[in-house]
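Following: one structure in C-alpha cells, then a few remarks.
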Amino acid sequence: MKQNLILCGFMGCGKSTIGRRLAALSGRELVDMDAFIQQEQTMTISEIFSRFGESAFRKMETDAARALSQREGLVIACGGGTVLNPENVELLKKSGVILLLDVPLPALQERLKNDTQRPLLQRPDRREFIETLHAQRMPLYRQAADYVVPAGAPGNVVAKTILKMLGEEETS
Ligand code: S3P
C-alpha cells in the first residue's frame, strides 16, 4: 500500500487545496486534519478554541495524528500548528513522508488578510502577528519536514512537482 503524504506549513500555504490535487493525482484519499477534528467533535475549530481553549484543541490534534498514522494511502493536510509538536511528528512520520509547503510571507499575508475562520488570526495586529509567528515557525517546519516544496504556484502544478520529487507516477 502507499505511504501517506503529509502536508505541513503555515496557515494559508495551500495544504488543503494542494492536498486535494495531490490526492487525485496520486490515487490517495485526502484527509484534512481540521475537518477530521471538526467531524469528530461536531464543532468548528473556532468553537473548539472558544469553548475549550487552544490546549484542548492541541490534544485533539494529537489524537487525530495518532488515528491517522494507523492508516495508509492518505494525503494528510495538517493544521498549521500540527508539526510544532514533536509527538505529532513522530506519530505521522511512522506512516509516511512530511512535505513542507513553502509560500513566501507576502503571499501568505495577502491570502490571510480577510480570514474570518482561523481563531489565531482574529486580532487587530494580524499582519505583525503573522510575520512574527511565521519567523518562529519556519525553522520548526523545516526540522519536521522530509522535503521542502516551493508552493507559490497553482495547486495542480505544485502537486505534480511533489510527485516528481517522490519519483511517483501520476495515476490520473
Ligand atoms: C492553526 C492552523 C489552522 C487550525 C487552527 C490552528 C495554527 O489550520 O489548525 O486554527 O496553529 O496554525 P490551517 O493551517 O489549515 O489554517
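Start at 1 and go down the list; that is how both ligands and their atoms are numbered. Throughout, numbering of the chain's residues begins at 1 and tracks the sequence.
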Legend entry - Lys/Arg-Asp/Glu bridge criterion (N-O < 4.0 Å) met for Lys160, Glu170: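 Result for this pair is yes, salt bridge flagged.
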
Legend entry - Results of side chain to side chain contact (heavy atoms under 4.5 Å, CB included) for Ala65 - residues two or more places apart only: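 By the side chain to side chain contact (heavy atoms under 4.5 Å, CB included) rule, Ala65 matches Met33, Asn88, Leu91, Leu92.
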
Inset, instruction - Tell me, please, which residues at least two apart from Arg21 pass salt bridge (Lys or Arg N to Asp or Glu O under 4.0 Å). - result: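 With sequence neighbours excluded, Arg21 shows a salt bridge (Lys or Arg N to Asp or Glu O under 4.0 Å) to no residue whatsoever.
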
Inset, instruction - Any chance you could measure Thr82, atom OG1, to Arg58, atom CZ, to the nearest 0.5 Å? - result: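 Nearest 0.5 Å value for the OG1-CZ distance: 7.0 Å.
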
Legend entry - Atom pair OG/CD1 of Ser95 and Ile76 - distance to nearest 0.5 Å: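 Spacing of OG (Ser95) from CD1 (Ile76) equals 5.0 Å.
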
Determine all donor-acceptor pairs shorter than 3.5 Å in which one atom belongs to a side chain in residues 5-17; sequence neighbours excluded.
| residue | atom | partner | partner atom | Å |
| --- | --- | --- | --- | --- |
| Lys15 | NZ | Gly9 | O | 2.9 |
| Lys15 | NZ | Phe10 | O | 3.2 |
| Ser16 | OG | Asp32 | OD2 | 2.6 |

Inset, instruction - Kindly tell me which protein residues have any non-hydrogen atom under 4.0 angstrom away from an atom of ligand 1, grouped by chain and ordered by number? - result: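 Residues near ligand 1: Met11, Lys15, Asp34, Ile45, Phe57, Arg58, Gly79, Gly80, Gly81, Arg118, Pro119, Leu120, Arg137.
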
